[in-house]
Amino acid sequence: MESWTPKSGRLCDIRFCRANTSKMQSYLHANILLVLESMGGTPSDFVLEFQQPGNPEHGDLACNAAMQLARHYKRAPKQIAEAIKAGLEALPLDVNKISAVEIAGPGFLNFRISNVYLFDALADILSAGPSFGHTYVGTGKRALVEFVSANPTGPLTVGHGRNAVLGDTIARLLQWTGYEVEREYYFNDAGRQMRVLGESVRARYMAELNPLIATKMIGEGDDKVEVPEPFPEDGYLGAYIADIARELISSSEEIKIEDTDRFKQAAEHKIFAEIGATLKRMGIHMDSFFNERSLYESGQIWEIIERFRKKDLAYDKDGAVWLRTTAFGKEQDTVLVKSTGEPTYRLPDIGYHIEKLERGFDRVVDVFGADHIATFPDVVEGVRALGYDADRIEVVIYQFVTLVRSGQPVKMSTRKATYVTLDELMDEVGEDVTRFFFLMRSPNTHLEFDLDLAKEASDTNPVFYLQYAHARIQSILRKADEIGMSIDGEVELSLLTHDTEIVLIKTLMGLPMQISRAAELSEPHRLANFLREVAVAFTQFYGNCRIIGEAENLARARMLLATATAQVLKNGLGVLGISAPDRM
RNA sequence: GCGCCCGUAGCUCAAUUGGAUAGAGCAGUGGACUUCUAAUCCGCAGGUUACAGGUUCGAUUCCUGUCGGGCGUACCA
């Protein structure tokens, strides 16, 4: 094997080799407890914990028990660590699992995983193949992810994009942890928004039929626009409204001008079709669409009010029905039914969540924008107050997306049509980049989406980096195949001894843990970050170890490692809904 | 005023839910293509983690307060 001389003092630049060490942890856990027992036991509140150090010099697993127990044993942490180490060596530990136990810093016990164990893990990745990364916490459980849920008043915008991609990816993550998952879209076609939409279409329709129709100005200041006289003051100004009107005219259908519902229906139909197409383009398929109206038709929501009344959580005041949210710790009570007799959104929302729980889901995930942050607790607490297990409801709040164009934030309003649609975004930067941009950041931080950067920046875009690593591996494997090299038969994995090879294996092992953690926390960006680490680890390996041209045994071992890397990238990108091309 | 989120390198963001020397990308700067894909790699530089206290072996992380930004705080959704 060639020797590799590091240019810096560090042996390896990979700071995070997060292997899946759960089996190893339970092995060490049992043995350390055994040793501690012989040393005089542990306090009742003691929890034995392991960490995976960021710094490779600190081994693969670290245990801080000695520091935690310093007070209990009234001895210095280092002495305790020495005693534990001696105890473990006396057992002894299996050298095929742990190759070294070291004491460092203030009293950390650092464990090094033996290469034999790593080679077994590598073989496991290859035999699991496309399913490597699956875990089982959700097996036998059902989850419902509700997301997008935009009323059909216009095309999906960039803002909806974050919601859509987050929701879909959370659903994928849950599937990978064993859940049976349904994706649901909740909408309301009976509200004021939709009525205004219908009236907007009708006004455009009338103007198309009669070009001489009177016009008026609406809006204020720079936002002032000229519209046909019948246009609602707060109507929708997007060009798609006129498109829908023109389509209605060119169809042979005769429509009565008074029939506003027909205009609304036509708009709803057309817009929903477009939303569906946009979602499909992003790789998103909804399993169900839930219409808020069904909650009224079943009478469910009126029944809910009675149930609140019985618990003295609802009362009448000023002609309205109020929910006693002060009982949930809020400053004020809130209105459930307006004095007009029309419910506020809170009531159907509570009904909808009860409905979801009654459908038997173990986990009910909502993906909401930051504007819901103050309102969803009412819903969750309301559901809980009626005796349901509200802990099964999980609300993922994401902060808003700021679009930046030419260094300036773009102001967006669906009504004024001053927005960038998701389709336009995908036209400009592609589906993969669009998904990745929305996923690469933690949901609870503001996302700045720089259009200029995303557009031109094929070389600065992290998603290409991941895809490139995959394509590069496939290229090598193709070339190897051409010259007749094969990974069939016995392969000596023990030839993989280079630092970059070991680090790469350790990194690859981390996929199942990363996926399950991202699923548990509903934070897909963790997986995106992890995949970058995989690509970095591979590139390090690539720069230091050749495959083609090496002795056959070594070359075949490395081909296996490369194959496993491609598999991890492909599986991980798949979870994010991003393609893993074979050529770029 | 109140509630929630955020404040980390010039910019955009990470940091294994309290760990060891706070990491990437972009921008800057200096190098590397007869070599499996240079959409790449290797250096250098860049930090009092907004600020002040507190909790403990140990704080970017938890608590309190201050400052600054975002979203809410409707008989809108």
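Below, chain A is the first sequence line, B the second, and so on; all start at residue 1.
- When the P atom is compared between rC26(B) and rU40(B), the two are found 8 Å apart, to the nearest whole Å.
- Shown here, rG23(B) forms a base pair with rC13(B); the pair counts as Watson-Crick or G-U wobble because both key distances fall under 3.5 Å.
- Atom NZ of Lys264(A) has more than 12 heavy atoms from other residues, nucleotides or ligands within 6.0 Å.
- Of the candidate nucleotides rU37(B), rA14(B), rA20(B), rA20(B) has the atom lying nearest to any side-chain atom of His58(A).
- Distances shown here put every side-chain N or O of Tyr468(A) at or beyond 4.0 Å from the OP1 or OP2 atom of rC41(B).
- Using a 4.0 Å cut-off, some side-chain N or O of Lys479(A) falls inside it from OP1 or OP2 of rU37(B).
- With C1' as the reference atom, rG46(B) and rA32(B) are 23 Å apart, rounded to whole Å.
- rG25(B) sits 36 Å from rU64(B) when the C1' atoms are compared, rounded to a whole Å.
- Annotation: Phe449(A) is in aromatic contact with Phe437(A) [ring centroid separation under 6.0 Å].
- Note on ring orientation: taking the six-membered ring where Trp is involved, the planes of Phe541(A) and Phe538(A) are tilted (angle from 30° to 60°).
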For nucleotides 73-77 of chain B, tabulate all protein N/O to nucleotide N/O atom pairs closer than 3.5 Å, reporting atom names and distance.
{"residue": "rC75(B)", "atom": "O2", "partner": "Ser339(A)", "partner atom": "N", "Å": "2.7"}
{"residue": "rC75(B)", "atom": "O2", "partner": "Ser339(A)", "partner atom": "OG", "Å": "2.9"}
{"residue": "rC75(B)", "atom": "N3", "partner": "Ser339(A)", "partner atom": "OG", "Å": "3.4"}
{"residue": "rC75(B)", "atom": "N4", "partner": "Asp318(A)", "partner atom": "O", "Å": "3.0"}
{"residue": "rC76(B)", "atom": "OP2", "partner": "Lys338(A)", "partner atom": "NZ", "Å": "2.5"}
{"residue": "rA77(B)", "atom": "N6", "partner": "Tyr345(A)", "partner atom": "OH", "Å": "3.4"}

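- Pairing for rA38(B) is absent, judged as Watson-Crick or G-U wobble with the two contacts each under 3.5 Å.
- When distances are taken from the side chain of Ile547(A) to each of rC36(B), rA20(B), rA15(B), the shortest belongs to rC36(B).
- Each of Ile548(A) and Pro443(A) has a nearest nucleotide on RNA chain B; the 5'-most of these lies closest to Pro443(A).
- Across rA14(B), rC71(B), rC13(B), the shortest atom-to-atom separation from the side chain of Arg441(A) is found for rC13(B).
- In this structure, Arg324(A) forms no cation-pi arrangement with Phe308(A), as its terminal cationic atom is not both closer than 6.0 Å to the ring centre and no more than 45° off the ring axis.
- Here rA14(B) is the nucleotide among rG70(B), rA14(B), rU40(B) with the atom lying nearest to any side-chain atom of Thr445(A).
- In this structure, the nucleotide among rG19(B), rA14(B), rU37(B) sitting nearest to the side chain of His525(A) is rA14(B).
- Of the candidate nucleotides rA15(B), rU12(B), rG70(B), rU12(B) has the atom nearest to the side chain of Glu448(A).
- For rA15(B), one of the phosphate oxygens OP1 or OP2 lies less than 4.0 angstrom from a side-chain nitrogen or oxygen of Arg526(A).
- Residue side chain Phe108(A) meets the stacking definition with respect to rA20(B): its ring centre sits within less than 5.5 angstrom of the base's six-membered ring centre, and the planes differ by less than 30 degrees.
- Checking rA20(B), rG3(B), rU21(B) against every side-chain atom of Asn110(A), the shortest atom distance belongs to rA20(B).
- Taking the O4'-C1'-N9-C4 or O4'-C1'-N1-C2 dihedral as appropriate, rC33(B) has a value within 90° of 0 and is therefore syn.
- Comparing Ile473(A) and His446(A) by the nucleotide of RNA chain B whose heavy atom lies nearest to each, the residue mapping closer to the 5' end is His446(A).
- Under 3.5 Å, the side chains of His353(A) and Asp366(A) contain a donor-acceptor pair of N or O atoms.
- Both distances falling under 3.5 Å, in either a Watson-Crick or a G-U wobble arrangement, place rC62(B) opposite rG54(B).
- Nucleotides rU55(B) and rA74(B) are separated by 40 Å at their P atoms, to the nearest Å.
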